[in-house]
Amino acid sequence: MDKEPTAAKHQSRFRAAAWFTSTLALAFLAIQFIRPELSNPPVAADLQAPPQVKQILKNSCYNCHSNETKLSWFDKPSPAYWLVARDVNAARKHINFSEIGKLPAGQQRAALFEGVFQVSFGAMPLPRYRLLHPGSTVTPEQLNILKQYLQSTTPNEPATPAAINSAEVQYNEWIQVGAATQSVAPAPNGIAFLPDYKNWKAISSTNRFDNGTIRFVLGNDVAVKAIAENHINPWPDGAAFAKVAWLQQPDEKGFVRSGSFFQVEFMIRDTRKYAGTLGWGWARWRGTDLKPYGKDANFTSECVGCHAPLSHTDYVFTKPIPLQLWNPSASQGAAALPGNPLQWKVITSAIDKADSTMSTLYGNDVAVDYARKNSQHNYPAGSILSLVTWAQREDDRWFGARIPGEVKSAEYVLVNAAPDGRPSYSYSKYEGAQPTKAAAYEGATPNDRASYLLMQRAAVIP
């Protein structure tokens, strides 16, 4: 008596399974007609590079980042096709090797340097793409070929008269404005400009040879405290950085000074407020008129895309320099320094390509206040300037940059008040693994080296 109900149940289940399978098949067939646009327009301005470089890029990058996309059989059926179309269209917007020749040379170089960074950290090609296309992986040997090519394209000419004149005009206008504040529009995402950034402490500097800039990273009090306590991974909420960039101004001998002010960028740590952008708020202003960067709030996708591979450093490129010149153990029994300039403010910076060093001129509050308002270099009594020089080393977080390595020397100029009211000058220099006084001078007029330091004009920092 149980056979008929059992058979009926099996038939019912079979019909349900058949109906479900048929529905899925029909749905699968139906979605094949939903095809987001993914065309291959004609190649308009392909990348111009040596064959070996082009071959690496064609093998690992062109399938998404060009108008020469070739789909595998498993990419063609929907819904896989939808994901592929989305990724390719997004990739082409970021960098399209079939049209990159339309961009200025500097923008082409910037795109390639960023690409090498992404490859170096395993972010590109996308891991899911490499899983299905194992032959797209860039080998260490291929990565080295790309790096050597980019290094060979780095400009090495002195600054043009036009660039020098532009920096001169900008400096004179800035000095005339003095300490006057200007009205600055907020970034498109609502972040307000922070005018006091110029008084934050410098936590690192960068020689960006990839885009021809000198950069300083300044940190607010929260960031500086976090560095002192080694609480920088993750950074605490409230920490903020200002990344200030000047165009490099090299001379015929390869000595590079800070030229025109280019931009200032902010990173503000707030894990809740900026949860959608890696826990950081991003903003950028360009030119001395401090024009906000970005057409709309979506400009932050550029920042996120670049910083995302650095999850292991809380998405921060900057590797802070120590807050003392020489480490305490190395300084035992060494000469006492006149002060710690790393606790002062930045006046300007320079790079010496000949001896692979980079230097920063710091000043105490009296000196910095004077330097930012005057071009005569007649520093008042109480001013202290210090030029700190580091050996450069490669930045392991960004190919295309060099950062401070070991300290080579620290020079000081003190402007003292003489009994007759006229200033007198003290100069000293310290160098070596343990700071040893290598030079000293005192007099009514500065010696040659002190004069050189006093004559350095402040980098424009609006």
Side-chain angles (χ1 to χ4, degrees), residues 36-38 61 63-67 69 82-100 102-104 106-130 185-194 208 210-211 213 215 217 234-235 239-243 245 262-286 290-318 397-401:
E37 183 178 357
L38 181 58
C61 308
N63 218 20
C64 293
H65 291 276
S66 79
N67 296 341
T69 301
W82 302 345
L83 301 176
V84 171
R86 182 198 64 185
D87 286 349
V88 171
N89 286 322
R92 288 176 178 176
K93 287 181 181 179
H94 191 73
I95 175 173
N96 187 335
F97 288 108
S98 297
E99 299 179 3
I100 195 172
K102 298 177 181 178
L103 300 176
Q107 290 186 32
Q108 294 186 44
R109 282 171 43 78
L112 292 172
F113 270 97
E114 183 185 344
V116 165
F117 158 73
Q118 297 279 353
V119 170
S120 298
F121 280 81
M124 286 290 164
L126 292 173
R128 63 177 179 270
Y129 181 85
R130 296 200 306 269
N189 58 352
I191 292 180
F193 182 72
L194 304 174
R208 286 286 298 273
D210 61 329
N211 60 18
T213 61
R215 300 190 175 216
V217 181
W235 290 87
F241 310 125
K243 297 181 282 186
F262 179 57
Q263 68 179 19
V264 57
E265 302 171 281
F266 290 122
M267 284 181 66
I268 303 169
R269 183 65 167 170
D270 190 321
T271 51
R272 291 187 178 181
K273 186 175 182 179
Y274 304 118
T277 53
L278 307 179
W280 292 92
W282 316 85
R284 179 187 301 167
W285 288 263
R286 283 191 168 164
L290 298 172
K291 181 180 179 180
Y293 176 86
K295 295 180 180 179
D296 54 44
N298 290 327
F299 80 92
T300 56
S301 63
E302 299 176 29
C303 309
V304 170
C306 193
H307 285 255
L310 292 172
S311 58
H312 64 291
T313 62
D314 201 15
Y315 308 106
V316 175
F317 280 100
T318 302
R397 298 182 185 179
W398 180 265
F399 173 70

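Computed over heavy atoms, backbone and side chain alike; hydrogens, waters and symmetry mates excluded. Please read all numbers here as calculations on a predicted model, not as lab measurements.
In the model, Y129 has a side-chain atom that pairs as donor or acceptor with a side-chain atom of N63 under 3.5 Å. Between the side chains of E114 and H94, a donor-acceptor pair is found at a separation under 3.5 Å. Counting only N and O atoms by type, the side chains of T69 and R92 include a donor and acceptor under 3.5 Å apart.
No donor-acceptor distance shorter than 3.5 angstrom exists from the side chain of R397 to the backbone of L310, with no hydrogens or angles considered. A donor-acceptor contact shorter than 3.5 Å is absent between the side chain of D314 and the backbone of V316. The main-chain N or O of N67 is found under 3.5 Å from a side-chain atom of S98 such that the two form a donor-acceptor pair. Looking only at distances, a side-chain donor or acceptor of H65 sits under 3.5 Å from a matching main-chain atom of A91. In this structure, the side chain of R269 does not engage the main chain of A240 through any donor-acceptor pair within 3.5 Å.
C61 is not listed as a side-chain neighbour of P125, based on a closest heavy-atom distance of 4.5 Å or more. For the pair L194 and I268, the minimum side-chain heavy-atom distance is below 4.5 Å. The side-chain heavy atoms of C303 and T277, taken from C-beta on, include no pair separated by under 4.5 Å. Side-chain contact check for D210 versus F117: every heavy-atom pair is 4.5 Å or farther apart. You'll find the side chain of W398 reaches within 4.5 Å of the side chain of C306, heavy atoms only. Between N211 and R109, the closest side-chain pair of non-hydrogen atoms is not below 4.5 Å. Contact of the F193 side chain with the P186 side chain is not registered, since no non-hydrogen atoms from C-beta on lie closer than 4.5 Å.
In this structure, CD on Q118 lies 10.5 Å from CD1 on I95, to the nearest 0.5 angstrom. Annotation: the span from N96 atom CG to C64 atom SG amounts to 11.0 Å, rounded to 0.5 Å. Note that OG1 of T313 is 9.5 Å distant from NE2 of H307, once rounded to the nearest 0.5 Å. Distance check, rounded to the nearest 0.5 Å: OG1 of T213 to NZ of K243 gives 11.5 Å. Between Q108 atom CD and I100 atom CD1 the span is 5.0 Å, to the nearest 0.5 Å. Here the straight-line distance linking atom CG of L126 with atom CE of M124 works out to 4.0 Å at 0.5 Å rounding.
Shown here for I191 and A283, the closest heavy-atom pair between the two residues is CG2-CB, 3.8 Å. Scanning all heavy atoms of the two residues, the minimum distance from F121 to P309 falls at CB-CB, 3.9 Å. Taking each heavy atom of A242 and V264 in turn, the nearest pair found is CB-CG2, 4.2 Å.
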Notebook entry, point to check: Taking it one step at a time, do W280 and D270 satisfy side-chain hydrogen bond (donor to acceptor under 3.5 Å, both in side chains)?
Noted result: CA-CA 6 Å; W280 292 92; D270 190 321; over 6 Å; no
Note to self: Could you go through D87 and R128, starting from their C-alpha distance and side-chain angles, then the distance that decides it, and tell me whether this counts as side-chain contact (heavy atoms from CB on, under 4.5 Å)?
What the structure shows: CA-CA 11 Å; D87 286 349; R128 63 177 179 270; 2.8 Å; yes
Next item on the list: Carefully, step by step, assess W285 and Q263 under the rule side-chain contact (heavy atoms from CB on, under 4.5 Å).
Entry: CA-CA 6 Å; W285 288 263; Q263 68 179 19; over 6 Å; no
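Between F317 and F241, the ring centre distance reaches or exceeds 6.0 Å. For F399 and F113, the ring centers sit closer than 6.0 Å to each other. Checked against the 6.0 Å centroid criterion, the rings of W282 and Y293 do not qualify as a close aromatic pair.
With sequence neighbours left out, the salt bridge (charged side-chain N to carboxylate O under 4.0 Å, His left out) criterion links E265 to R215, R284.
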